[in-house]
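Reminder, nothing fancy here: chain letters follow the sequence lines and each chain counts from 1. In this text the structure is predicted, and so the values were computed from the model without any measurement.
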2 protein chains.
Amino acid sequence: MVTINDVAEAAGVAPSTVSYVISGKRAISPKTRRLVEENIRKLGYHPHAGARALASSKTNVLAVVVPLRTDLNVSVVMEFIASAATAARAHDYDLLLLTKDEGPAALQRVASSALADALLVMDVEAADPRVPMLLALDRPVVLIGVPDHPDGLTCVDLDFAAAGSLSARHLAELGHRRIALVGPSPAVYERGTSYAPRFLRGFTETAREHGLAVSTRPCAHSYEAMRTCLDALFGDGPAPTGLVVHNEAVLPGLLSELRHRGLRVPEDVSVVAVCPDTMAEHHAVRLTTVAIPAEPVGTLAVEMVVRQLGGHTAPESGCSRPG
Amino acid sequence: MVTINDVAEAAGVAPSTVSYVISGKRAISPKTRRLVEENIRKLGYHPHAGARALASSKTNVLAVVVPLRTDLNVSVVMEFIASAATAARAHDYDLLLLTKDEGPAALQRVASSALADALLVMDVEAADPRVPMLLALDRPVVLIGVPDHPDGLTCVDLDFAAAGSLSARHLAELGHRRIALVGPSPAVYERGTSYAPRFLRGFTETAREHGLAVSTRPCAHSYEAMRTCLDALFGDGPAPTGLVVHNEAVLPGLLSELRHRGLRVPEDVSVVAVCPDTMAEHHAVRLTTVAIPAEPVGTLAVEMVVRQLGGHTAPESGCSRPG
DNA sequence: TTGAAAGCGGTACCAT
DNA sequence: ATGGTACCGCTTTCAA
């Protein structure tokens, strides 16, 4: 293993000088700098992460807690991870991956054993048991999602209320008078993940403001559940002419089923799908999409936590929602 | 921060004794053990990962390199990560996440700076530039996917040849005489990712053995591309009656398009989809699925690399393919 | 069965 | 502008 001493010796300087060349924490003569940098390259020197962490109390690692449930939007999670990873590297951080089902104890473990400098926590629930833990941790944290009591923790979230509102307004502007929402799985609502009700609220309120008739239903992830859901929405009374699908999984089936029932899209019913644009491209019919831009959220979350690590002690008050 | 010295002092023993209680590397009297363990709990002691890594040259971290391209099967990647993360924790390892687009240099960096003890590399290509790098690294490695020249590196992979073969045989046994394959995006083939051609080979060979007429086409991820693909497969000569879709992204659109063309599934054409079972459930028509069980692969990969770390020096020869 | 102490490879303070 | 060195928290060898 190449150590800082090897580099120092080869360059004919003190180890501390090598350290300072790397960190830039004190002035170095151009000559010495060149000499050291040359030897770093030549020897292929990489500082030992553990030694560094021990001496500096900094790991340059961010822990990311991600949900691995499949009833959740897989592509959004991936998009988030991808952008977070990229943003992290841009700030010279690496990502340590934790799964949500390790529970609050994992956060404790990672923080206390100095495996990471800060934590990003996805899929935060209304009364998330991890929130009190995170508050006790005394490390920078960014929550992705908004719990009932953030208590000063920084949150980033997609503005699902706005997305719901946008979906409703779009249909209102197309002239629809009766609209319906196919929501996420009931399990999502029960878990108290805040995004579902927030979307619902935005949707309902805006629809009401436009004087639209609204019906809404959660929908589990099966063809059967989706059919039952459509039965309910189209069953009694005048049928809706606009449909918002906030449930990626059932979208393909739903489109088939609509066709099966003789409902053409968009002639008989307009469909707004809450999903990535790329997904809509794979369908035959014309859909409007309301994208969930997970990518900027991943980037933003990393940037916020890096800012906190940079000594920005006062946590950003409240919770921002880009998008 | 609670250190091993704090625990030692509280328990009235030497720091080394605490260390040995934790590692179990030497005999400890029951009395002392109890005493130490009590104080560890009471003080909430967690060994400092960096210090540990420095002293022992072991990080208890596995680096995982994942592809974040969206033209790749997102759910397979997630499934892999999830199972790898779980398996890793079961062996007391954490996962460091690297993205494929950081290239070979990232592997170098992580290994040389002792950020991880071993590497898991997904989405390995035929002439993968990371392979020579990995060989030079002198750390345990498990490749997910098989390059042209593994040169002794351990590989795990899904048996795509078998999956291709299975797809063809299934259609043969249903009595079909003319079958077709809608393959992954041309980009996948160009990249030389081995799974695509392996599937193709298994498919083609088995079809030939059964005396079936075969046509195959890659298919990019757009509705247009998919239609062009169907045009080609169904255009000239007698139409196939069995269709294998090795391309998750276009599946929903393809099913719509078939219906649009007046082809009923499975009456007019049988469809075998290579995708997770859960995905098939979301469609209206009866599909046969050939699942890609990423989960056992993630687990297996971790287990293999952990075994190597356990001193199993001789790399498992060749490449295993579960499933 | 346990203790003492020498490193592991950096960082950052104190000198010069 | 640079060098010397104590110390970060843990592991492990050597002694007792």
Under a 4.0 Å heavy-atom cutoff, the residues of residues 32-41 of chain A touching DNA chain D are A/T32

Main-chain N/O of B/F80 paired to B/S83 side chain as donor or acceptor, under 3.5 Å:
yes

Heavy-atom protein contacts under 4.0 Å, nucleotides 11-16 of chain C, coded B base, S sugar-phosphate only, - none:
SBBB--

Expected output: side-chain B/R130 to main-chain B/L107 donor-acceptor under 3.5 Å:
no

Rounding to a whole Å, what distance do you find between A/M1:CE and C/dC8:C1'?
10 Å

Does B/V36 offer a backbone N or O that forms a donor-acceptor pair with the side chain of B/N39 under 3.5 Å?
no

Salt-bridge present (B/R89, A/D101; N to O < 4.0 Å)
no

Starting at atom CG of A/N5, determine the distance to atom P of D/dT5, rounded to an integer number of angstrom.
13 Å

Indicate yes or no for a side-chain donor-acceptor contact from A/D117 to the backbone of A/T59 under 3.5 Å, with no hydrogens or angles considered.
yes

Can you see if the side chain of B/S29 gets near the phosphate of C/dT2 - specifically, an N or O under 4.0 Å from OP1 or OP2?
yes

Nearest whole angstrom, please: distance from the P of D/dC7 to the CG of A/L54.
14 Å

Which atom pairs, one a donor and one an acceptor, fall under 3.5 Å between side chains of residues 11-27 of chain B and the rest of the protein, sequence neighbours left out?
| from | atom 1 | to | atom 2 | distance (Å) |
| --- | --- | --- | --- | --- |
| B/S23 | OG | B/S19 | O | 3.2 |
| B/S23 | OG | B/K25 | N | 3.3 |

Given atom CG of B/L115 and atom C1' of C/dG9, what is their separation to the nearest angstrom?
14 Å

Kindly compute the distance separating CD (B/E303) from NE2 (B/H91), expressed to the nearest 0.5 Å.
4.0 Å

Is a side-chain N or O of B/R52 found less than 3.5 angstrom from the main chain of B/P47, in a donor-acceptor match?
no

Return the value, rounded to whole Å, for the distance between atom CG of A/L43 and atom P of C/dG9.
14 Å

In whole angstrom, what separates A/K58's NZ from C/dG9's C1'?
18 Å

